[in-house]
Structure formats: structure tokens, C-alpha cells
Amino acid sequence: DKTSNPHGDSLQRMDSLKSAEGREHVLSPLSFQAKLRQSDLDHCVDFPKYLIHSKLSSLSIQLTRPQLELGHRLALAVAPNTEVRPLFPEYRPLESISGNAKQWWRYAVRCIGRLNRHRSWIEFFIAFQKRKTYLELYKRDAHAEGAQWLTKLKAPEREELEKIEGDRSISIAGLMHWRTIADAQVEKEREKHKIAVLKQKLESGSLNTPSKPKPMGRSSLSTSLFGSAPRKDSSDEFYECLDDENDAP
């Protein structure tokens, strides 16, 4: 019987590591079992010709130092952040506490109101105005080319849109929620527009003699395009704003 030399085994392992440095793989199976089952038939329809069952019980990983450091950085990047973050940073003043005590006390009061779900009516009304303005401006900015009833934004209106998007009191989640509402409104208006156009085509085809179309005013044009369904009052939209957590700044 041959006795095993521990020094010889370590040298063999070092040689195997050096030989694996030029390879592209980092995983090496240490214990592997496979079973192959082959059918005797030449043509197999309901079952496979070859069937392999494998079992990998142990595996070795060989990494270089740069790869190990990269894996460590990736693990730190995906690790949960346990650092203390400011409460409601969208309300936090950018100035220091010294000389700006009034803003910081206001920040504390707003944070307590958010935690206790108590806010002033002024905040709700301001949020309602920002939401209504942003919905109209965003619809015209994002869907003016595909919707004939929407006009493109002018320079002052685009500045107002960018001002609302840059408002720190409105969270990113709130802006995305408002955009979702605006996209849904445009899709609903597009469906009504298609129905109105189809209805006009059917009515014009049923007439025997073509007649010169009469000029339509702005109110009649909107009625023909979107129907005579009652529109939501501003008070209804205001109370919907109260129910939405993302609308209030």
C-alpha cells in the first residue's frame, strides 16, 4: 500500500490551481454522478432516445483576488441599508438649523402630521392644485402627437411642468402615480374619440345629399368628440385627492 504524503497532496493542489488560472470557469464539480438511459428503438415518438439523470453533490469554487473583491462589493451593494435616514426627506429644509429654526419646526410638525395621518386643509388644497395642473400639462406633453384634441405645450407651460416635477415636496412615487392617472385618462379619451368618429361616419353615410358642414364651436366640438356624459366636478376631484396618499405633498 502507498502512504499518502500531505506535502505531495498540497503541491498537487497548487499545480491544479495554477493550471486552472488560464481557464474561464470558476466552478469545478468534486462529486458527480450521471446515469444514461438509451432506447433500443431507432425512432422514438412518445419517449426520448437518450435520458440522462445527474446528481452534483459537491462543488468547488476557484476565484482570483479581483473576482473575490468584486463579489464583496456586489454583496455590499445589495445588502439592506441599516443607516439612519432622515424622516420624509422631501420636507427636510436644505438650510442649516442655526438661523432657520422656523423652517425646521415646520418640518417637524409636518413629519408628525404624516406619521399620525393628520394634515391641514391648506396642504390638501395645494396638492389638489398641483395634481390638476400636472395632469393637464403631462397629457399634452406626452400624448399631443398621438391625440388630435391635445395641443402641444408652450414655453411657459413647459416651465411650469418642469417646476412641478422638480418640487421636492412631491415624491417620485407621487409623480409616477399622477402620470399613470394621466395615461389612463388619455386612453379613455382616445376610445371616446374613436367612437365619435365612427358615429360621424355612419351618420354621414346614411344621408342622401351631402350638406356643407356647419362650423362648430368649442363647446359643441368637445361634446361631439367626447359625448354628453357629465364630467366630474372639481370638488369630486378634490375629494379624490384627499383619499390618495401620493397626492398630498
Side-chain angles (χ1 to χ4, degrees), residues 72-147 149-189 218 222 226 230-249:
H72 181 66
R73 290 197 299 268
L74 291 175
L76 292 178
V78 300
N81 189 9
T82 57
E83 297 179 357
V84 179
R85 300 183 58 187
L87 188 64
F88 302 110
E90 60 270 17
Y91 300 154
R92 185 182 177 92
L94 300 177
E95 297 81 4
S96 61
I97 299 178
S98 60
N100 301 282
K102 184 177 181 181
Q103 297 182 6
W104 282 90
W105 275 112
R106 184 180 300 173
Y107 166 67
V109 171
R110 296 185 72 179
C111 291
I112 294 174
R114 285 290 300 270
L115 293 175
N116 297 330
R117 303 180 66 86
H118 294 291
R119 307 179 195 175
S120 63
W121 283 98
I122 298 177
E123 291 186 356
F124 280 119
F125 183 70
I126 294 175
F128 165 73
Q129 288 182 329
K130 291 181 180 179
R131 173 182 180 269
K132 186 176 181 180
T133 304
Y134 185 78
L135 290 180
E136 294 297 330
L137 295 179
Y138 177 76
K139 285 194 300 184
R140 293 170 56 189
D141 181 59
H143 303 281
E145 296 182 357
W149 59 93
L150 297 176
T151 58
K152 294 184 179 181
L153 295 179
K154 299 179 181 179
E157 294 173 338
R158 186 172 299 276
E159 292 179 359
E160 181 68 19
L161 178 65
E162 295 176 354
K163 181 180 178 181
I164 297 177
E165 291 180 347
D167 192 348
R168 293 181 63 250
S169 63
I170 306 174
S171 61
I172 298 178
L175 286 177
M176 298 305 295
H177 183 67
W178 289 356
R179 291 185 178 185
T180 303
I181 295 176
D183 294 337
Q185 290 180 357
V186 171
E187 291 298 326
K188 192 66 177 179
E189 293 174 0
R218 185 174 181 181
S222 60
F226 307 113
R231 298 177 60 87
K232 286 187 177 181
D233 190 16
S234 60
S235 59
D236 298 336
E237 296 181 359
F238 176 69
Y239 285 106
E240 287 182 1
C241 182
L242 299 184
D243 297 333
D244 193 355
E245 284 292 328
N246 295 323
D247 290 342

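We use all heavy atoms of the structure for the numbers below, so side chains are in, but hydrogens, waters and symmetry mates are not.
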Are any side-chain N or O atoms of Trp105 and backbone N or O atoms of Asn100, one a donor and one an acceptor, separated by less than 3.5 Å? no
Count the heavy atoms belonging to other residues, nucleotides or ligands that lie under 6.0 Å from CG of Leu115, then report whether that count exceeds 12. yes
Please check if any side-chain donor atom of Tyr134 sits under 3.5 Å from a side-chain acceptor atom of Glu165, or the reverse. yes
Nearest atoms (heavy-atom pairs only) where Tyr138 meets Ala182: CD2-CB, 3.6 Å
Evaluate the side-chain proximity of Arg92 to Cys111: yes if any heavy-atom separation is below 4.5 Å, no if none is. no
So with a 6.0 Å cut-off around CD1 of Ile172, is the heavy-atom count from everything else above 12? no
Which value, rounded to the nearest 0.5 Å, describes the distance between Glu157 atom CD and Lys152 atom NZ? 13.5 Å
Side chains of Asp167 and Lys163, heavy atoms from C-beta outward: is any pair under 4.5 Å? no
Taking the side chain as C-beta and beyond, is there a heavy-atom pair between Arg168 and Leu94 under 4.5 Å? yes
Rounded to the nearest 0.5 Å, what's the gap from CD1 on Ile164 to CZ on Arg131? Could you check? 12.5 Å
Would you call Lys102-Glu95 a salt bridge at under 4.0 Å N-O? no
Give the minimum heavy-atom separation between Val186 and Trp149, together with the two atoms involved. O-CZ2, 4.2 Å
To the nearest 0.5 Å, how far apart are NZ in Lys154 and CD in Glu160? 14.5 Å
So, taking the atom named CG in Asp141 and the one named CD in Glu136, what distance separates them when rounded to the nearest 0.5 Å? 13.0 Å
Going from CZ on Arg140 to OG1 on Thr151, what distance comes out if it is rounded to the nearest 0.5 angstrom? 3.5 Å
Going by heavy atoms in the side chains, are Asp183 and His143 under 4.5 Å from each other? yes
Any chance you could measure Ser171, atom OG, to Tyr91, atom OH, to the nearest 0.5 Å? 8.0 Å
